[in-house]
Amino acid sequence: MAIFSLSLLPARGAPFPGARHPAAPAAIILLEPAEGRATAPVMIKRPLIAVLNGPNLNMLGMRQPEVYGRATLDDVEQICIQAAERLDVAIDFRQTNGEGELVSWVQECRNRAQGIVINPAAYGHTSIALLDALLAVELPVIEVHISNIHRREDFRHHTYCSRAAAGVICGLGVRGYAMALQAMTDMILDENDR
Ligand code: DHK
């Protein structure tokens, strides 16, 4: 019976251009026989989940705290990093104020990420281009809103993105991001098990 040793290496794979930080490295696990017999390494990559944030979310913490709370975008990123470590997935966390940039980032997820968690912010309510990009990439999508958009102005009740989303989490504050990562990881694992 072969005895295996385990080594954990950072994966190469460049992060998206423009990422706030390099993506948490996907793990490559090399399984090699301890006795050193030549065997092809088994590579197990962590799934990559893109966490994309739309306009004005860079203002979190100072922006209408009675609506969005006191957590900053850095705090949200830390919540996501901790959730990703717990779930053993890699994330690429980003924010932009530009609609076109958000569309491009969604497009880049195709053949690169296994799922998208997105807080489209106001573009959720306005952008058919963003909806089309989310439909085009053929990836599972979870939409997050920090506030309960259904308790707010009428124009916030509808989001185009929801048509592309497997699920929507809203009104649970910034912890909604961790919940979305948990749900997305479950969905990816379910899909991989098929
Ligand atoms: C954030 C925004 O910036 C708003 O435009 C949306 C969303 C709600 C949120 O709750 O995270 O209407």
Side-chain angles (χ1 to χ4, degrees), residues 16 18-21 23-24 48-84 86-87 89 91-109 113-137 139-187:
F16 290 76
R20 279 162 61 88
H21 301 293
L48 177 65
I49 301 173
V51 183
L52 305 181
N53 293 279
N56 300 307
L57 293 171
N58 55 317
M59 305 283 286
L60 281 177
M62 46 193 158
R63 168 195 185 202
Q64 293 181 276
E66 70 287 0
V67 175
Y68 298 104
R70 294 263 173 214
T72 64
L73 191 64
D74 284 343
D75 296 332
V76 176
E77 184 172 19
Q78 283 309 312
I79 287 170
C80 290
I81 288 170
Q82 283 167 19
R86 202 174 57 246
L87 295 163
V89 296
I91 60 165
D92 192 348
F93 186 97
R94 296 168 169 226
Q95 187 275 334
T96 180
N97 291 328
E99 180 178 359
E101 190 164 39
L102 195 54
V103 167
S104 296
W105 286 352
V106 169
Q107 290 179 4
E108 287 168 24
C109 288
Q114 279 66 58
I116 299 174
V117 168
I118 185 166
N119 183 344
Y123 293 142
H125 310 304
T126 61
S127 178
I128 297 170
L130 182 58
L131 167 64
D132 284 348
L134 289 168
L135 292 171
V137 290
L139 288 172
V141 174
I142 296 181
E143 181 180 351
V144 175
H145 294 280
I146 295 164
S147 64
N148 183 349
I149 54 177
H150 301 290
R151 284 177 72 175
R152 301 182 63 193
E153 304 95 320
D154 287 353
F155 62 83
R156 295 186 201 274
H157 295 179
H158 172 264
T159 85
Y160 287 104
C161 290
S162 298
R163 291 186 76 101
V168 180
I169 296 173
C170 82
L172 299 178
V174 295
R175 70 174 72 86
Y177 284 81
M179 293 172 177
L181 283 171
Q182 170 76 65
M184 180 59 74
T185 302
D186 290 348
M187 286 164 54

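FYI, the numbering just counts along the sequence from 1. Order of listing sets the numbers, starting from 1, for every ligand and every atom in it.
For atom 2 (C) of ligand 1, the closest non-hydrogen atom on the protein side is Tyr68 OH, 3.4 Å. Given atom 11 (O) of ligand 1, the protein heavy atom at minimum distance is Ile146 N, 2.8 Å. Protein heavy atom at the shortest distance from atom 10 (O) of ligand 1 is Ser147 OG, 2.6 Å.
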Atom pairs and distances, side-chain donor-acceptor, residues 49-59, under 3.5 Å, sequence neighbours left out:
unit_1, atom_1, unit_2, atom_2, d
Asn53, OD1, Tyr177, OH, 2.6
Asn53, ND2, Arg94, O, 3.0
Asn58, OD1, Gln95, NE2, 3.4

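Closest heavy-atom contact between Ala113 and Leu139: O-CD2, 3.4 Å. Residues His157 and Ile149 share a closest heavy-atom pair of CD2-O, 3.0 Å. Annotation for Leu130 and Pro120: closest pair CD2-CB, 3.7 Å, computed over non-hydrogen atoms.
Within the listing of ligand 1, atoms 1 (C), 2 (C), 3 (O), 5 (O) sit less than 4.0 angstrom from a heavy atom of Ala121. Near Asn119, with a cut-off below 4.0 Å to any heavy atom, the atoms of ligand 1 are 11 (O).
Between Ile149 and ligand 1, no N or O atom pair is found at a separation short of 3.5 Å.
Enclosure of atom CZ in Arg63 by more than 12 non-hydrogen atoms of other residues, nucleotides or ligands within 6.0 angstrom is indicated.
Contacts of Val67 with ligand 1, taken as heavy-atom pairs under 4.0 Å, are absent altogether. With a 4.0 Å heavy-atom cut-off, ligand 1 is reached by no atom of Val144.
Side-chain contact check for Leu87 versus Gln182: some heavy-atom pair is nearer than 4.5 Å.
Checking His125, His145, Glu153, Arg63 against atom 12 (O) of ligand 1, the nearest heavy atom belongs to His125.
The aromatic rings of His125 and His145 sit parallel, their planes meeting at an angle under 30°, below the 60° perpendicular limit.
For the pair Asn56 and ligand 1, no heavy-atom separation below 4.0 Å is found.
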